[in-house]
Amino acid sequence: MAQINWRTINIDALDPDSSTNFDLSSLTPHIEAISTSEIQQVGGQIRQLLRGGNAEGALQAALENVPYGGDADGKAQHATVVSECLNSIRATEMSPLLSRLYSSQNGSELCDTLMKYLYKGMAQGAVSKPAAGGNSHGARNVSGAGGFTQAGGRNFGSSEAGGGMSVFLSWMEKLVEMVGPGSIVRVMSDRRTV
Amino acid sequence: MANPEVHHLFHHPIADHSFSADRQTLAVARDNNVELYQRSGKGFVLQDELRGHDKQVTGVDIAPTSGKIVTCSQDRNAYVWEPSSNGTWKPTLVLLRINRAATSVRWSPSETKFAVGSGARLIAICYFESENDWWVSKHLKKPIRSTITSIAWHPNSVLLAGGSTDGHARVWSSFVKGVDERPEASVWGERLPFNTVCGEYLNSTAGWVHGCAFSPSGDALAFCAHDSSITVVYPSTPEQPPKAVISISTQLLPFVDLLWSSESEIIAAGYDCEAYRFSVNPSSIYLTGSLEKAKAGRPSLADGREDSAFNMFKQMDLKGKGAKDDTVLKTVHQNTVNTVRVYEETGGEVARLSTSGVDGRVVVWTL
């Protein structure tokens with residue numbers, strides 16, 4: 001009789017029908033892989049457009065070239081490029097810009113992508129760490145230092161370039177006015193993450 | 001548009017509902033039982049209760065011609081209920097051979113088979129075997145990768161569409177030798193043995209598919225997904241890619257169920273608690289409006305009562321808060337609509353449809 005402890009056999013790995021042997025990549029539509037250098041290239045072009053004063057074009061380019069196939073680093077880089085674009089657009093220009101974006105071809109998909117970046121931006125602010133590779137205010141570490149966490153977090157949020165969270169919130173308000181809750185649901189249910 | 005006929009049956013969610021052919025009997029799934037209501041005058045009164053399932057009943061369907069009721073439940077069983085001579089209903093257990101809950105059930109248009117979608121990543125096609133006097137099931141397994149949420153039959157009773165939580169809507173052939181006649185060739189294919197996949201469609205976000213439906217002619221398939229979109233597929237021939245796949249991402253909350261009211265119109269309802277109409281053709285699809293009356297759709301107007309300052313202060317005094325009563329939704333349904341079914345049909349066009357929802361109401365709408 002074999003001396004193996006049969007209780008330690010991972011039966012799920014051996015069962016072809018089980019959920020662990022489920023090929024999750026078959027669930028999503030095909031996404032092409034993008035290398036980090038390509039993402040940096042696109043980011044550079046967008047920054048040039050920004051420096052040239054064409055914030056609207058920069059935002060549109062950033063939203064059209066979403067690196068769904070990139071790795072976490074590349075995605076984070078693109079996210080910072082997008083938040084730079086958002087920060088550089090004035091509050092009064094937001095609504096007309098959004099309506100132009102929405103009525104353009106593929107508009108509703110661009111707005112969904114913008115919504116995804118808004119949520120991603122808000123998620124990073126809430127964690128209260130310096131955003132990856134982004135807003136250059138040094139590596140201020142505010143996590144868990146006794147009773148100072150809350151105060152530190154508040155300071156950090158308001159001293160970012162452009163106000164950080166408040167920028168995202170005001171964009172979110174204008175965007176939801178245009179695209180409604182359908183866009184938010186799409187952000188939650190879309191398997192392609194930014 | 002005439003007023004909708006509202007039947008507020010009870011204060012529990014209705015998972016599924018079905019009317020009999022003469023529309024005098026209404027079967028409603030409520031928790032572990034199915035309640036049968038008989039029409040009396042303007043409303044429905046409780047007449048009978050079908051008890052047999054141990055867990056929540058997820059699907060009910062009454063066959064129009066034979067009057068048999070099929071129910072499926074989360075206890076992995078399905079029963080076929082036949083009316084007996086003394087007025088009671090006799091259940092027959094159907095061996096589905098699934099090891100997860102059943103999620104939905106529908107009779108085929110020919111009423112010789114029914115399909116049960118389940119969480120066991122398969123669809124059970126059940127037909128009656130007269131030699132052994134019992135219902136037998138055959139499984140459609142490939143290439144389903146997750147729970148089946150909804151099923152819809154093609155008018156030829158052989159093709160079946162299934163929406164699943166793996167983001168795909170698929171069309172299979174469920175041809176059973178001996179029970180089905182060989183179907184005519186259609187845009188979905190010909191010479192189709194059991195478990196042939198005639199088409200597999202997903203939209204770009206791959207969200208869960210909640211509901212699917214064939215058009216009245218069977219030449220197009222529409223499905224609604226959790227990303228608030230409706231996608232319509234017009235196939236050309238089996239080997240070619242489809243003639244058209246059009247999709248609309250709406251600004252509304254997702255739809256849970258949909259049906260075709262004619263070859264060019266779809267009615268869908270879901271988490272917004274109301275039903276919407278979409279006009280659809282092979283080149284475009286767009287939202288045309290809601291089934292609710294226009295006045296309910298304008299949020300700025302007061303709800304019918306006097307809009308005077310006197311009334312406003314009276315309400316503040318009475319209820320201790322502002323003038324608007326915001327506990328009641330402006331739509332007829334007060335909670336998610338789960339099921340949309342045809343109520344009255346004339347020559348391929350639906351004249352009336354019925355909806356039921358989580359709020360315990362069954363509403364019959366006139367188009």
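So that the names make sense, note that chain A is the first sequence line, chain B the second, and so on, each numbered from 1.
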Asker: Quick one: are A:R186 and B:S249 in side-chain contact, heavy atoms under 4.5 Å?
Answerer: yes
Asker: Please determine, among B:S229, B:A225, B:S228, the option with the most heavy-atom pairs under 4.5 Å with chain A.
Answerer: B:S228
Asker: Could you name the residues of residues 93-103 of chain A that have a heavy atom within less than 4.5 Å of a heavy atom in chain B?
Answerer: A:Y102
Asker: Within a reach of under 6.0 Å around CZ of B:R97, are more than 12 heavy atoms found that belong to other residues, nucleotides or ligands?
Answerer: yes
Asker: Do any of residues 51-63 of chain A come closer than 4.5 Å to chain B, heavy atom to heavy atom, and if so which ones, in number order?
Answerer: none
Asker: Return yes when atom CZ of B:R361 has more than 12 non-hydrogen atoms of other residues, nucleotides or ligands closer than 6.0 Å, and no otherwise.
Answerer: yes
Asker: Step by step, work out the side chain to side chain contact (heavy atoms under 4.5 Å, CB included) result for B:D227 and A:D190.
Answerer: CA-CA 7 Å; B:D227 63 343; A:D190 198 336; over 6 Å; no
Asker: Hey, mind stepping through A:R192 and B:T205 against side chain to side chain contact (heavy atoms under 4.5 Å, CB included) and telling me if it holds?
Answerer: CA-CA 7 Å; A:R192 305 168 299 181; B:T205 58; 3.9 Å; yes
Asker: Which atoms of A:M178 are under 4.5 Å from chain B, going by heavy atoms: the side chain, the backbone, both sets, or neither?
Answerer: backbone
